[in-house]
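I have placed the structure first, in the form of structure tokens, so that the comments after it can refer back to it.
So you know, we letter chains A, B, ... as the sequences are listed, proteins then strands, and number each from 1. Only this structure's heavy atoms are used, side chains among them; waters, hydrogens and symmetry mates stay out.
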Amino acid sequence: MGDSQYSFSLTTFSPSGKLVQIEHALQAVGSGQTSLGIKAANGVVVATEKKLPSILVDETSVQKIQLMTPNIGVVYSGMGPDSRVLVRKSRKQAQQYFRLYKEPIPITQLVRETAAVMQEFTQSGGVRPFGVSLLIAGYDDNGPQLYQVDPSGSYFSWKASAMGKNVSNAKTFLEKRYTEDMELEDAIHTAILTLKEGFEGQISGKNIEIGIIGADRKFRVLSSSEIDDYLAEVE
Amino acid sequence: MSIFEYNGSALVAMVGKNCFAIASDRRLGVQLQTVATDFQRVFKIHDRLYIGLSGLATDAQTMYQKLVFRHKLYQLREERDMKPQTFASLVSALLYEKRFGPFFCQPVIAGLGDNDEPFICTMDCLGAKELAKDFVVSGTASESLYGACESMYKPDMEPEELFETISQALLSSVDRDCLSGWGGYVLLVYAALLTPTEVQEKILKGRMD
């Protein structure tokens, strides 16, 4: 990684023991658009703001929530292009696992490998850390799961979490609203309400994105008309 | 002289009702000379998964060591045992990695999968899987074993009957093969209803020649 003049890591320790590049990467995440995830008893929902830079952008061509495997989806906060690189690598790793074991990759394993990639970029020559935090949601033999992966490569399993601009308000809201036995439908409503809390402007199916996975183990992104229906229920 | 006939071997696995049995001969030879009469060909991967390796003995041992290595890492990473189907895919992949300089061994895999469903399969030295519902055979005595199993096998046998059947099939087949024999080793695993899986290992005394 990196050519010979840059075969040293650009991420170096500060005297206080911090990796300043990672702190800055987390800043990049913190100024990204809000995204959140909620794990329900029978599924997981992830949602994100989809604020586009201009009304001239064709919003149907933009999709922030993506699939890693048919039963694992991911949303990010931070730099979109960085997240695309990670999604590409993770998809390949998931397929390699399947090719070896003829079994779909468990979510914990995929999260672990994605996190390992992110960690690699904090300790390799000539590269910078990824400027995204990912929320990975899926449903496998161990039930519904939600993981957050940070630019440092650390990962955590969450019952509900938020990232990006409005993170502290969103997390407080989620702490109040979350219950252990929430159903997927309740979780979708709570996700919308949480996004609404810090939303500037009029929320609609065109400027937020929602991805869900239920016991059918098929991750899918809701269409804007479906989101509008849920918004109407929440009003 | 084929490389597969250098050491001599006989392996068979059969499916019964909520149980499976895997059996092998015990001879290790160097062409016509018998060198050992207690050679192990059936290995345990975990409590509910066993693999038998026929063919060149050194490759069988090395293959076993590689598989145990991979499985131990899998157990540590995934915090669970490998399912038999997953393990079979792994064996197939490892064998194919050496497509142009293969391991000269033919595995026979037997295990209990989800819901205590017995699973058996075999593959050639390049990893071509062959799943079967009744029995699989491998080794220098394989042709005799095919015949014996085909005639003696019945579906849904209880553990005791399965044990008898596999033992008879093995002993009668190795008697027709000069490179395998010198006793038999049978391992029977059945998922008893209330207690955890029970395992029976028996050594058979056949014609010692």
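The list of ring pair (Phe, Tyr, Trp, His ring centres under 6.0 Å) pairs with a residue in residues 127-174 of chain B, not counting sequence neighbours, reads Phe135(B)-Tyr153(B). Listed by first then second residue, pairs satisfying ring pair (Phe, Tyr, Trp, His ring centres under 6.0 Å) with a partner in residues 3-23 of chain B read Phe4(B)-Phe104(B), not counting sequence neighbours. Within the structure, salt bridge (charged side-chain N to carboxylate O under 4.0 Å, His left out) pairs that include any residue of residues 22-31 of chain B comprise Asp25(B)-Arg41(B) (at least two apart or interchain).
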At a cut-off of 3.5 Å, what donor and acceptor atoms pair up between chain B and chain A?
from: Arg77(B); atom 1: O; to: Gln109(A); atom 2: NE2; distance (Å): 3.1
from: Arg77(B); atom 1: O; to: Arg112(A); atom 2: NH2; distance (Å): 3.2
from: Glu78(B); atom 1: OE1; to: Tyr97(A); atom 2: OH; distance (Å): 3.2
from: Glu78(B); atom 1: OE2; to: Tyr97(A); atom 2: OH; distance (Å): 2.5
from: Arg80(B); atom 1: NH2; to: Glu103(A); atom 2: OE1; distance (Å): 2.8
from: Thr86(B); atom 1: OG1; to: Glu103(A); atom 2: OE2; distance (Å): 2.4

